[in-house]
Amino acid sequence: MKFAVFASGFGSNLQAIIDAVKNGEISAELALVFSNSRKAHALKRAEEAGIPTLCLEAKDYLTPQSYDRDIVIYLKEHDIDFVVLAGYMKLLTPFFVKEFPDKVINIHPSLLPSFKGIEGIKDAFTYGAKVTGVTVHFVDDKMDHGPIIMQEALDVKEGEPLESLEARIHAIEHKMYPRAIQLFVKGKLKIQGRKVLVLEK
Ligand code: GRF
């Protein structure tokens, strides 16, 4: 099985995935790292790991769909079976999601459906949530919305600075995402409506 990781920024989740592929925790080939931003540090991480990269910028396209169409063509030409979003700061079009049905996974740094959007950690922190966490889910055409694969909660400590909460959430992400990806690779995730059955842990 071949997969692509889509990342727009720092790429710490990408790094956890690269490491997990290397040590056999994920038994699929990471065949492409795609970014919508040339500045993404994720692209450097991919290059250092010898993984092919592709970067397309939305400003070079007339519509979101024409942008996604080019990505889909590339993915199909390269026999990519599934896609992992890791800090990809762009909403996939319904066109893309239809081309890869139930084959796109995302990670979000809150307990969905709370605190959707790009500032999940900060929003929960500012809101005064006592518990927050991490969600891995299948992607549909609404933001941070598809069926939930896995969640982990953590307590927000009293007086804890935002940076500390961020670090603890990222540490959870880096363990959780490879585990969820491997369940997908092994065919252990069965979608039933909004629910995802995990056939075997
Ligand atoms: C992560 O917190 C992820 O959950 C969210 O965006 C962040 C990306 O961080 N979707 P990184 O680029 O993987 O370091």
Side-chain angles (χ1 to χ4, degrees), residues 3-22 25-26 30 32-49 51 53-58 71 82-92 96-97 100 103-127 129 131-154 156 160-184 196:
F3 72 108
V5 171
F6 286 20
S8 302
F10 186 55
S12 68
N13 280 284
L14 167 66
Q15 191 63 55
I17 293 165
I18 290 172
D19 296 345
V21 169
K22 254 192 215 145
E25 201 191 328
I26 295 174
L30 174 46
L32 176 73
V33 171
F34 173 77
S35 186
N36 61 323
S37 165
R38 288 188 208 296
K39 290 186 202 137
H41 184 60
L43 289 173
K44 286 215 181 76
R45 294 182 190 267
E47 280 155 22
E48 270 161 31
I51 298 159
T53 61
L54 174 70
C55 179
L56 301 175
E57 292 195 310
I71 306 172
F82 70 100
V83 170
V84 169
L85 308 183
Y88 184 59
M89 297 302 174
K90 210 170 173 304
L91 198 58
L92 295 178
F96 190 109
V97 176
F100 282 87
K103 287 189 165 54
V104 185
I105 311 175
N106 184 41
I107 190 161
H108 183 75
S110 78
L111 294 178
L112 291 175
S114 291
F115 307 112
K116 296 177 180 180
I118 57 172
E119 297 277 17
I121 304 176
K122 196 172 167 198
D123 290 346
F125 178 84
T126 310
Y127 195 82
V131 175
T132 185
V134 176
T135 304
V136 177
H137 65 95
F138 283 105
V139 170
D140 61 14
D141 49 22
K142 294 191 201 110
M143 185 182 63
D144 299 331
H145 177 268
I148 292 172
I149 297 168
M150 214 181 249
Q151 287 186 307
E152 190 171 322
L154 84 170
V156 181
E160 174 174 29
L162 175 60
E163 297 68 37
S164 151
L165 181 63
E166 284 171 342
R168 291 199 296 129
I169 286 185
H170 292 315
I172 291 173
E173 289 188 316
H174 300 159
K175 287 209 183 108
M176 197 170 156
Y177 216 5
R179 263 196 288 134
I181 294 166
Q182 179 66 351
L183 287 172
F184 177 84
V196 178

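Computed from a predicted model, the values in this text were never measured in an experiment. Counting convention: from 1, in listed order, for ligands and their atoms alike.
Listed by first and then second residue, the salt bridge (Lys or Arg N to Asp or Glu O under 4.0 Å) pairs involving residues 131-153 are Glu152-Arg179 (not counting sequence neighbours).
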>> Assess the residue pair Ser12 and His174 against the criterion (side-chain contact (heavy atoms from CB on, under 4.5 Å)); give the C-alpha distance rounded to whole Å, side-chain angles, the decisive distance to 0.1 Å, and a yes or no.
In response: CA-CA 8 Å; Ser12 68; His174 300 159; 2.9 Å; yes

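Among residues two or more places apart in sequence or in another chain, the side chain to side chain contact (heavy atoms under 4.5 Å, CB included) test is passed with Lys122 by Glu119, Thr126, Leu162. Residues satisfying the side chain to side chain contact (heavy atoms under 4.5 Å, CB included) test with Lys22, not counting sequence neighbours, are Ile18.
Note on ring orientation: taking the six-membered ring where Trp is involved, the planes of Phe115 and Tyr127 are perpendicular (angle over 60°, cut-offs 30° and 60°). Ring planes of Phe3 and Phe82: parallel class, angle under 30° (limits at 30 and 60°).
Taking a heavy-atom cut-off of under 4.0 Å, ligand 1 is surrounded by Phe10, Gly11, Ser12, Asn13, Gly87, Met89, Ile107, His108, Pro109, His170, Glu173.
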